[in-house]
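Working notes, beginning with the structure itself.
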Amino acid sequence: MKLKSVEFAGAIGRPGQAPPGTLPQIAFAGRSNVGKSSLINRLLERHRKQIARVSASPGKTQEINFYKIRAEVGDADDDFFLVDLPGYGFAKAPESVRAAWRPLIESYIGNSRELIGVVQLIDARHEPTKEDLKMVEYLASIEMPTLFVLTKIDKLKPAEKIKRVNENAHLLGVEQDQVVAFSSTSGEGRDELMESLRHLLTGD
Ligand code: GTP
Ligand code: MG
């Protein structure tokens, strides 16, 4: 699968607000600062002109942002939305901001008929947080196809890396091959993740 073009399609900031169209959607979830926007930019190979805003101050992305992607799958073109969810659980954010993510994210995830899967990001250096596990539990409860990505893998030594993948898979209750080790700086894991996204989109 090759990504041919990307454009910002719109954002939603209130529970119940409709997405900017009815294309199939793949959403990216994770705690604030986990590296969602960086991963999206790396997937899109937008090094020079970044489309998803990478925040110096975590917790900045408080809306659900939709990017319309045109992908080349085999001989055909396929359009879908890549969805950047607001990061949850940023400790320094005011309580009102911290509490706001759940209704917005759950209203979107629970009601979007076009959502075909969620990519759940976890920081490779840490165990899943309480909020990560709550999110994973929620996704399982609605039987949402979920892929797991361990971000910032470049910050770990090779031996540590294998250990963290195994530990996280165990804590998340999934097989190791459902967990992709990823680095936005080196591009490690990009091909593997792209293949999983293709699988989600085409169903084979
Ligand atoms: P919010 O939008 O605030 O929820 O954050 P986010 O999850 O979108 O994280 P973002 O991509 O903005 O990255 C947060 C910080 O982590 C930035 O300083 C990035 O440069 C850094 N970062 C993200 N991914 C990686 C990675 O794979 N490796 C390294 N070394 N740093 C990374
Ligand atoms: Mg972001």
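We're numbering straight along the sequence, starting at 1. Since we're looking at a predicted model, the values are computed, not measured. When reading the values below, keep in mind they use all heavy atoms of this one structure, side chains included, and skip hydrogens, waters and symmetry mates. Whatever order the structure lists ligands and atoms in, that order sets their numbers, starting from 1.
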Legend entry - Metal check, the Mg ion (ligand 2) vs S37 N/O/S, cut-off below 2.8 Å: yes
Legend entry - Option with minimal heavy-atom separation from atom 27 (O) of ligand 1, where the choices are S184, S186, G187: S184
Inset, instruction - Using a strict 4.0 Å cut-off to heavy atoms of K36, name the atoms of ligand 1 that fall inside it. - result: 4 (O), 6 (P), 7 (O), 8 (O), 9 (O), 11 (O)
Inset, instruction - Kindly check if the number of other-residue, nucleotide or ligand heavy atoms within 6.0 Å of CZ (R14) is above 12? - result: no
Inset, instruction - Output yes when a side-chain donor or acceptor of Q178 lies under 3.5 Å from a complementary backbone atom of V174, and no otherwise. - result: no
Inset, instruction - Could you tell me whether K155 and ligand 1 have an N or O pair separated by under 3.5 Å? - result: no
Legend entry - Numbered atoms of ligand 1 (with element) below 4.0 Å of T185, judged on heavy atoms: 27 (O), 28 (N), 29 (C)
Inset, instruction - Indicate yes or no: does an N/O atom of S38 lie under 3.5 Å from an N/O atom of ligand 1? - result: yes
Legend entry - Backbone N/O of R125 and side chain of K155: donor-acceptor pair under 3.5 Å: no
Legend entry - Close N or O approach (G35, ligand 1; < 3.5 Å): yes
Inset, instruction - Using a strict 4.0 Å threshold on nitrogen-to-oxygen distance, state whether K36 and D84 make a salt bridge. - result: no
Legend entry - NE2 (H126) with more than 12 external heavy atoms under 6.0 Å: yes
Inset, instruction - Kindly confirm or rule out an N or O of V34 lying under 3.5 angstrom from an N or O of ligand 1. - result: yes
Legend entry - Results of ring pair (Phe, Tyr, Trp, His ring centres under 6.0 Å) for Y108 - residues two or more places apart only: F66
Inset, instruction - Determine, for E195 against R190, whether the closest basic-nitrogen to carboxylate-oxygen distance falls under 4.0 angstrom. - result: no
Inset, instruction - Before accepting this row, confirm whether a basic side-chain N of the pair K134/E131 lies closer than 4.0 Å to the acidic partner's carboxylate O. - result: no
Inset, instruction - Provide the number and element of each atom of ligand 1 under 4.0 Å from a heavy atom of S183. - result: 27 (O)
Legend entry - For D154, the ligand 1 atoms whose distance to one of its heavy atoms is below 4.0 Å: 26 (C), 27 (O), 28 (N), 29 (C), 30 (N)
Inset, instruction - Number the atoms of ligand 1 from 1 as they appear, then name those within less than 4.0 Å of a heavy atom of G87, with their elements. - result: 4 (O)
